[in-house]
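All values below come from the heavy atoms of this structure, side chains included, with hydrogens, waters and symmetry mates left out. Below, chain A is the first sequence line, B the second, and so on; all start at residue 1.
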Amino acid sequence: GENVEQHPSTLSVQEGDSAVIKCTYSDSASNYFPWYKQELGKGPQLIIDIRSNVGEKKDQRIAVTLNKTAKHFSLHITETQPEDSAVYFCAAPIWGGADGLTFGKGTHLIIQP
Amino acid sequence: KAGVTQTPRYLIKTRGQQVTLSCSPISGHRSVSWYQQTPGQGLQFLFEYFSETQRNKGNFPGRFSGRQFSNSRSEMNVSTLELGDSALYLCASSLVPSQETQYFGPGTRLLVL
């Protein structure tokens with residue numbers, strides 16, 4: 001099955017600066033990579049996902065990049081705001097053709113005012 | 001459209017008891033996956049159901065089981081509860097399996113005393 005590693009575990013940035021979270025995966029056959037945001041007391045919320053046929057995807061202040069050769073993908077948040085403070089998880093399919101996801105350990109993003 | 005709903009939201013049980021958790025997917029979604037979230041192990045895949053059939057199962061003991069009904073609603077059961085089963089249990093739904101986007105519910109917080 002797939003193995004996903006996520007870095008850093010904690011990231012503190014000044015409001016208005018950019019934040020980057022990186023993940024690596026082990027199975028070269030993986031072709032779907034979602035990112036989730038989890039706030040205290042809530043379930044994970046999908047914020048963006050990317051499939052292996054594209055190298056980058058953007059949605060307003062959020063972007064994800066994928067490097068299939070190096071087997072890593074990254075989340076980029078620009079112009080960070082206080083409401084961006086949360087725990088972010090990257091994920092990849094455990095097996096091809098199934099819904100089960102394996103998650104990174106999470107990054108606690110702290111936006112300093 | 002209503003999101004994924006889970007009941008109950010909070011539960012306290014004692015060791016040796018059993019517990020049943022319920023999940024109602026987003027209307028029209030037919031695939032339901034269950035995950036366990038703990039501070040130590042993070043988010044871990046339990047099992048996935050589609051068309052009332054378990055398609056995949058994670059690395060959990062047989063005390064963890066589930067089922068899906070014809071209306072796509074799902075339940076999971078944990079028998080002979082152990083202290084280590086204390087966790088947030090999350091349900092996620094998608095239209096169909098095979099790496100479709102998954103949407104999570106708020107979770108059921110289980111405390112085993």
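Among Lys42(A), Lys105(A), Gln45(A), the residue making the largest number of heavy-atom pairs under 4.5 Å with chain B is Lys105(A).
Counting heavy-atom neighbours within 6.0 Å of Leu113(B) CG, excluding the residue itself, gives a total above 12. Few gaps surround CD on Gln54(B); more than 12 heavy atoms of other groups in view lie less than 6.0 Å from it. Open room surrounds NZ on Lys22(A); 12 or fewer heavy atoms of other groups in view lie less than 6.0 Å from it. The local environment of CG in Asn53(A) is crowded, with over 12 non-hydrogen atoms from other residues, nucleotides or ligands closer than 6.0 Å. Heavy-atom neighbours of Glu83(A) CD from other residues, nucleotides or ligands within 6.0 Å: above the threshold of 12.
When heavy atoms are compared at a cutoff of 4.5 Å, Leu43(B) approaches chain A by way of both its backbone and its side chain. Contact of Pro34(A) with chain B is not made at all, since no heavy-atom distance falls under 4.5 Å. In this structure, the portion of Gln37(B) lying under 4.5 Å from any heavy atom of chain A is its side chain and not its backbone. For Gln38(A), the part lying under 4.5 angstrom from a heavy atom of chain B is the side chain only. Contacts between Arg9(B) and chain A at a heavy-atom distance below 4.5 Å involve the side chain alone, from C-beta outward. For chain A, no part of Leu46(B) is nearby; none of its heavy atoms comes within less than 4.5 Å.
Gly43(A) and Leu90(B) make their closest contact through CA-CD2, 3.9 Å (heavy atoms, listed as atom of the first residue, atom of the second, distance). The two atoms that bring Tyr35(B) and Leu101(A) nearest to each other are OH-N, 3.0 Å, heavy atoms only.
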